[in-house]
There are 2 protein chains.
Amino acid sequence: MQDGGARHTGRVFSVLSKTERHNAIRDLVATTAISNQEELRRKLIRRGFDVTQATVSRDIHELHLYKGPSGYALPSGNGNGHLREEEDSGLPAVHEVLRSFGLKVKQAQNQLVLITASGGAQPVALAIDHEDWKEVVGTLAGDDTVLIICPDQKSASKLKARLEEMIG
Amino acid sequence: MQDGGARHTGRVFSVLSKTERHNAIRDLVATTAISNQEELRRKLIRRGFDVTQATVSRDIHELHLYKGPSGYALPSGNGNGHLREEEDSGLPAVHEVLRSFGLKVKQAQNQLVLITASGGAQPVALAIDHEDWKEVVGTLAGDDTVLIICPDQKSASKLKARLEEMIG
DNA sequence: AAGCGCACTGCATATTTATACAATTGATTT
DNA sequence: AAATCAATTGTATAAATATGCAGTGCGCTT
């Protein structure tokens, strides 16, 4: 269902169609404005893919495209995803996440910049937030960097020491 | 058309309805899974907003929401949105987003840390950026935290007061 | 107060999107 | 080779979303 490739049985070469079409769709969606499936269908036809609206609808599903004010768009990779679940308290202790993800801490005035392994910033920041330390005014996490804002330079230093100890 | 507020003529107090509803929608969309307008309609009704699907459809337009694989989503501020032109001032006023997402503001020197509901940071930061306030040097948004850099401690205090007032 | 203009909304309906079902095709098994 | 199976797609239609039009109500002007 997913790839259409040789994965399971059946189809192995006609692939030249569906996957190609998906790529074409990604390209079209990324570079041109497409406000509905008929429009996308027409553009696909111009590129040699003769399909119906039903197929286009299915493709859009498989590609996880979004539809917004200005037409279809690619999945943002970032924020949109994890709106759902989340659950509750199951967070690992800071020292655990730090031990696995933490790399180093740098200080700039009242701010700390915590470098983590790739993809580790969010979980680390979450864990830190949960500690409710008074040295932490707030955190901001990207992919591998966490910015920690402290009330002042002094508390930043203190926190830095603590974090470094945890990183080991 | 945009605000429904006192902007032009007419309506100034019934606003208690449409804008409130918009906030409720932002909140619902950010915190729960909503896969179609009927569902959103039902949830709105449970919150006391008795509207039809048509109105919900219009609201979704005005709020620039996206619809993706997992239901409706807020404009990501980031990747998804403005690939396209952008048109005019389509962003909701700060006080609107703040009312729905803002939780509290903390100050550290010349920085403000604005805590928002989960998923609210991007839209809030976007709105703030758009205001072009001289107290704002720049913003950084994660998932539920916005860092606002101000020129100095004094302007930070001033801005803090203003934001707190908006949060209510 | 009468008249006008505009925001807002419901109703009915047009437009757009999703999907149940059946047909086709090529690989795999017996 | 016949039977079988999974993948893919079209057709027809259901489901979801958008919108033209008309009605209502408030504020402003006259």
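Throughout, a chain's letter reflects where its sequence line sits, starting with A, and its residues are numbered from 1.
Judged by atom type and distance alone, B:E38 does not reach the base of D:dA16 through any side-chain donor-acceptor pair under 3.5 Å. Scanning atom types as modelled, no donor and acceptor separated by under 3.5 angstrom connect the side chain of B:R41 and the base of C:dG10. With hydrogens and angles left out, the side chain of B:Q53 and the base of D:dA16 share no donor-acceptor pair within 3.5 Å.
Rounded to whole angstrom, the span from the CD1 atom of B:I45 across to the P atom of C:dT9 amounts to 14 Å. Summarising the geometry, the separation between CG on A:L40 and C1' on C:dA18 is reported as 15 Å, rounded to the nearest angstrom. In this structure, the CG atom of A:D50 is 18 Å from the P atom of D:dT8, given to the nearest Å. Remark: P of C:dA18 and CG of A:L63 are 12 Å apart, rounded to the nearest angstrom. Rounded to whole angstrom, the span from the CG atom of A:L65 across to the P atom of C:dT17 amounts to 12 Å. Taking atom CD of A:Q37 as the reference point, atom P of D:dA18 lies 13 Å away to the nearest angstrom. Between B:E62 atom CD and D:dT17 atom P the separation is 17 Å, expressed in whole Å. Computed from coordinates, the B:H64 NE2 to D:dA18 C1' distance equals 16 Å when rounded to whole Å.
Considering only the side chain of B:A54, C:dA12 comes nearest among D:dG10, C:dA12, D:dT17. Comparing atom distances between the B:H61 side chain and each of C:dT9, D:dG10, D:dT19 picks out D:dT19 as nearest.
Remark: side-chain polar atoms of B:T32 are paired, donor with acceptor, to backbone N or O of B:L28 under 3.5 angstrom. With hydrogens and angles disregarded, no donor-acceptor distance shorter than 3.5 Å links the side chain of A:D59 to the backbone of A:H22.
As judged by a 4.0 angstrom heavy-atom cut-off over every strand, A:D59 is placed among residues making no nucleic acid contact. The residue B:V51 sits close only to the backbone: its heavy atoms come under 4.0 Å of sugar-phosphate atoms, none of a base. Contacts of B:S57 with the nucleic acid, taken as non-hydrogen atoms under 4.0 Å apart, include base atoms.
Heavy-atom nearest nucleotides on DNA chain C were determined for A:N36 and for A:R58, and the one closer to the 5' end corresponds to A:N36.
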Test log, rule side-chain hydrogen bond (donor to acceptor under 3.5 Å, both in side chains), inputs B:Q153 and B:Q109: CA-CA 5 Å; B:Q153 186 156 349; B:Q109 321 230 49; over 6 Å; no

Can you list the steps and then say if A:I60 with A:L40 is a side-chain contact (heavy atoms from CB on, under 4.5 Å)? CA-CA 10 Å; A:I60 285 174; A:L40 178 51; 4.2 Å; yes

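A close approach under 4.0 Å does not occur between any side-chain nitrogen or oxygen of A:Y72 and OP1 or OP2 of C:dT16. Within the structure, every side-chain polar atom (N or O) of B:T55 is placed at least 4.0 Å from both OP1 and OP2 of C:dC8. Between B:K18 and C:dA7 there is no side-chain polar atom (N or O) within less than 4.0 angstrom of OP1 or OP2.
Each of A:R41, A:R46, A:R47 was checked for a side chain to side chain contact (heavy atoms under 4.5 Å, CB included) with A:K43, and the lone residue meeting it is A:R46.
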